[in-house]
Amino acid sequence: MSTNKEDDAENDRMNEMIEDVEELLVHQPKILENLVDDSKKLLYPGCNDQFTSKVFDPMTLDKLQVDIIVTLCEFEIFLCILKAYMRNRRLPEASIVEGYSVEETIEFCTEYLTSANPIGIPRSRLEGQEVNPYFQEHITDIRRMHHSKSGKWVTNEHNRSFVKWFKDRVMSRYSESPSTISNTLKWLAYGPDMPVISYQGYDVNGYSFYTQCQDNKSTVQNSGVSVEASSTEFERGNSLTSRDIKKSYYRVIEEIWELDYKDFKVALFKCKWCDIKRGVRVDESGFILVDFSRFGYEDDSFIFATQVKQVFYIRDPADTRWSIVLQSKRRILGIDNVEDEEEYNQFDENPHFSIGLPTTVREDNVEHVVIMMKGKGLIIKARRNNRKEFLWYHTEVQCPQQEGGTECGFYVMRYMYDIVMISQKNPNINWKKGLGSRTLLDDNGTAEGFLKCLDQFPNNISSLVYTQQNSTFNPTLLYSINNMRFAKPETPKPLVIVTPVSESQVQSVIYCCKDQNLEMRIRSGGHSFEGLSYVSSVPFVLLDLVNFKTFSFDAATGTALAGSGLTNGELYYNIGKQSDVLGFPSGLWANVGVGGIISGGGYGMMRRKYGLAADNVVDARLIDANGRILNRTLMGEDWFWAIRGGGGGSFGVVLSWNVSLVPVPKIVTVFKVYRSLEQNLTNIFYRFQSVAPKFPKELDIRANGQSIVSGASPRKDNRTMMFQFESLYLGGVDNMLSAMAENFPELGVVREDCFEASWLQAMVYFSNFELRTPPEILLDSTVLPRPAFKSRNDYTQVPIPVQGLEGLWEMMYEIPPQQATLQFTPYGGRMDEISESALPFPHRAGTLYKFNMFVQTHKDEDERIEWIRNLGTYLTPYVSQNPRSAYVNYVDLWMGTNNLNGTTSYQQASGWGKRYFKNNFDRLVKIKTVVDPTNFFRHEQSIPVIST
């Protein structure tokens, strides 16, 4: 009897399982009937005979149950795959067939095209065909000279010494027979330009890659990479027997570098690779898992960008130490709504996560609090009773996704507590509710009020106005932000951006800003080091002069009219196309705005011959706070003096400048050479400090230094200092070499380092492009890198001693390689001949050079900003004193700022004013008080108005 009962129980279990399977089949989409002939065979093909049999072996039931569960899981995965193909619920079968067919077609074409030779496209010069023979030759030489050494020793020696051997070998052959060495080999042997350009994002191989830092700000993951590499392994205990093994390595991108080899560029990704022995495994389901806490191969952190594949990492829910590797797919035009190649380049346009909660502030004297919803987040703003100082400016509380929807309750309560605290201290508080994401604080001083005011003027300005609700607002704002430290989501944004095209439109913007009690910021090229032309902590309107690109040339007088919206590159290009014997001594970088650089003085590679850009201005056209249009005659000599070096944004809107062009030879000479500490850099640079200001006026050499990693360094961390010495000589190479031999032989410049070119082509070169790049590149203001950085600057009157330089090098080692830059710009020549009071810019006779310091802040921002603060402290004994001078175009808010509201005392403003302008500051204050008594044109370090 007991046996029968057990059999009955087993039969009941089997019947229940069969019923479960049948129920599952009944509820599956009807599409399965068309896709699978026998769905039961699909479910349990391995046990179909046993289910259709009349006799069961009870001992096999447990195994059958496991088989069915596994099969059901596979079936569920299969359904998920089908669901992914279905894009049209009305026609599911057709949708699935179409999706599957498209994927198969793409995979076939991708595999086919990978091995095909494209028509009309040359094969890459970096595929190694030219370098491979040198590999083999070097290994053969090592084996011949060390025939008793093991294969492992030969491999290690080859890896260690090949680079230096390759350079010497190629240069030796090039000197013997230049025609036998291609440009590719020559530039590879010479090495890339320094410094190296780094990026936060890079498009290559059909993928968009981010650094991990950029990924942390993005809603998508693009920093995961894998690479399949061949490695030579030797049998344990036998260093003579080796084999090449292909292995896959995994990690995320930490840094993206682009090496410039003159004729070509090479992108590298820097990664900390997971140790494949301890940090990579394959689970029983065939998934690859990685443990990011276990990494190795520190000597092989760089990989060619063209060699990697993109992967995604997902935390393993079973063990959070491990991440599952998922393969990426390339973005192909026409697939996944990718319709434009520009979509590949939206590195900073992606939505950002809100990480953590911003610090709450509780203050007295608060009159207005605004609460508004933005998407699924909460925005709270509070304003003091002066209507200008914000406790929160566009603070976003991003509510996390919870099961069943978004839960903002806790976060709202967190902020409501602070609001209650504010209201208790301010019983007369004025509560308002925001409308969407609009900035609406009051009937006055708002975007709405400003727009209503503009509507009064019949000058067709509406199409040139961008509010925060416009889809083009962010692109317009970001277009010329050149310090990405101020491109963060939390950075205060203007209420409105206006890009006028006429003088009358500028007048109406000034009128409406005054009418609405709004500040106005003026932007030319967007190069303010502290973002003063497009950032403010109070409500403001951005007047962007990007459309004021007037240029006209007067050959009879040798002058040109330049609109303030022009960039240096556009100005140089227009001059060069008019004349090959005239130039202008403005800045180096092509995308710097003419309006901003001239307002602060403006120096370039011809300052020692012709002085500053502002020294060569003969007239200007300006609109004042009352909307009057003035030229030099109408504004008077004091006002005209102030706008040429007194800093932008203090004395009016300068629409255009009349500049006197300067003669340049048809042929100039340029060079860039590099010296490291192992090449006697310290002594060379110490000598440079004294001789560079005394060079002939036609010769200028600037020095730019960074710390790098070099195998030649004796330090344990292989760190050393590398300086680039870049030069312009107004003349031919023979005269330049003679001047160098006479004045600065220590640098060791030879003819092979030098290139002759036109003045226009030299300006291309000093914008960090290759020398032979077509000059039209100067018209594109978006191609140059735009890092996030903090800077400081000083002037020196005596050389920094060797001991001081060595201490400076040690401080540079505290920052990762190539993340901080030192710039030394010698004065002398014409700069010594112009009086300190000729313009507001006072740094003339007695100044050896201007010393500028940058540190990139795209990662470890707080630590790096503290480092550059400490660097300024270290340099105190070596730089100018009483006052410690600085350059107004390299604005530094650490020196002090104006009060946000009310007046600023003369004593307070002298904290930065005397450092920028020395005794000229007093004259600037007097002029400001006369020409702009209401202080309409103002910013954090504008010239203040002193009340009598």
Are the side chains of Y603 and I597 in touch, meaning some heavy atoms are under 4.5 Å apart? no
Any donor and acceptor pair, going by atom type alone, linking the side chain of H527 with main-chain N or O of N889 inside 3.5 Å? no
Given side chains that start at C-beta, do those of I481 and R523 come closer than 4.5 Å, heavy atoms only?
yes
Quiz item: Between K914 and W912, is there a donor-acceptor pair closer than 3.5 Å when you use the side chain of the first and the backbone of the second?
Solution: no
Show the numbers, then the answer: is there a side chain to side chain contact (heavy atoms under 4.5 Å, CB included) between N899 and Q908?
CA-CA 9 Å; N899 296 323; Q908 179 181 341; 3.2 Å; yes
For S586 and N568 the tightest heavy-atom approach is OG-OD1, 2.7 Å
Flag, side chain of N470 to backbone of T467, donor-acceptor distance under 3.5 Å
yes
Quiz item: So, do N483 and Y534 sit near enough that their side-chain heavy atoms are less than 4.5 Å apart?
Solution: yes
Here the gap from M853 atom CE to S791 atom OG, rounded to the nearest 0.5 Å, amounts to 8.0 Å
To the nearest 0.5 Å, atom CG of L542 lies from atom OG1 of T476 at 9.5 Å
Of V496, I497, L477, N474, the one forming a side-chain contact (heavy atoms from CB on, under 4.5 Å) with Y466 is I497
query: Quick one: does Y887's side chain have a donor or acceptor within less than 3.5 Å of a partner on G602's backbone?
result: yes
- Item | Verdict with supporting geometry, M811 and W867, side chain to side chain contact (heavy atoms under 4.5 Å, CB included) | CA-CA 9 Å; M811 289 207 68; W867 173 85; 4.2 Å; yes
- Using a 4.5 Å cut-off on heavy atoms from C-beta on, say whether the side chain of I510 contacts that of F936. yes
Take the angle between the ring planes of F529 and Y890 and call it parallel below 30°, perpendicular above 60°, tilted in between. parallel
Side chain to side chain donor-acceptor pair (under 3.5 Å) assessment of D860 paired with Q819:
CA-CA 11 Å; D860 302 327; Q819 297 299 296; over 6 Å; no
| message | Quick check: do S942 and F937 have side-chain heavy atoms less than 4.5 Å from each other? | response | no
OG1 of T857 to CD1 of I868, rounded to nearest 0.5 Å, is 9.5 Å
Using a strict 4.0 Å threshold on nitrogen-to-oxygen distance, state whether R521 and E940 make a salt bridge. yes
V541 side chain near P494 side chain, heavy-atom distance below 4.5 Å: no
Are F269 and I256 close enough, and set up right, to give a side chain to side chain contact (heavy atoms under 4.5 Å, CB included), and what steps lead you there?
CA-CA 5 Å; F269 292 162; I256 300 175; 3.8 Å; yes
Next on the checklist: Tell me if a side-chain donor or acceptor on Q516 pairs with a main-chain N or O of C512 at a distance below 3.5 Å.
Outcome noted: no
Q.
Any heavy-atom pair between the side chains of S480 and V546 that's under 4.5 Å?
A. no
Here the pair of heavy atoms bringing S707 nearest to I815 is OG-O, 4.1 Å
Quiz item: Taking C-beta and beyond as the side chain, do P944 and N935 meet within less than 4.5 Å on heavy atoms?
Solution: no
May I ask you to decide if the ring planes of Y199 and Y202 are parallel, tilted or perpendicular, using 30° and 60° as cut-offs? perpendicular
### Expected output: side-chain K850 to main-chain N793 donor-acceptor under 3.5 Å
no
For a quick check under 3.5 Å, do Y479 and S781 share a side-chain donor-acceptor pair by atom type? yes
Minimal heavy-atom distance between P500 and D544, with the atoms involved, is CD-O, 3.5 Å
On a heavy-atom basis, the closest approach of S524 and V594 is OG-N, 3.8 Å
* **Whether D215 side chain and N222 backbone form a donor-acceptor pair below 3.5 Å** => yes
Heavy-atom nearest pair, E570 first then K549, reads OE1-NZ, 2.9 Å
Salt bridge (charged side-chain N to carboxylate O under 4.0 Å, His left out) with K790: of E530, E866, E861, only one passes, and it is E530
Donor-acceptor contact below 3.5 Å, side chain R792 vs main chain R869: yes
The residue among Q200, H858, K859 that forms side-chain contact (heavy atoms from CB on, under 4.5 Å) with Q214 is Q200
Any ion pair linking E814 and R864 (charged N to carboxylate O, less than 4.0 Å)?
no
- Under 3.5 Å: donor-acceptor pair, side chain of T567, backbone of A590: yes
Minimal heavy-atom distance between I643 and F651, with the atoms involved, is CG2-CB, 3.9 Å
Distance col, row S502:OG vs N547:CG, nearest 0.5 angstrom, shows 10.0 Å
When rounded to the nearest 0.5 Å, the distance separating OG of S536 from CZ of R938 is 8.5 Å
Output for pair (S885 OG, D794 CG), nearest 0.5 Å, gives 8.5 Å
Item to complete: May I ask you to decide if H939's main-chain N or O and N898's side chain share a donor-acceptor pair within less than 3.5 Å?
Response: yes
*Determine, step by step, whether F789 and T821 satisfy the side chain to side chain contact (heavy atoms under 4.5 Å, CB included) criterion, reporting the C-alpha distance in whole Å, the side-chain angles of both residues, the deciding distance to 0.1 Å, and the verdict.*
CA-CA 10 Å; F789 66 89; T821 302; over 6 Å; no
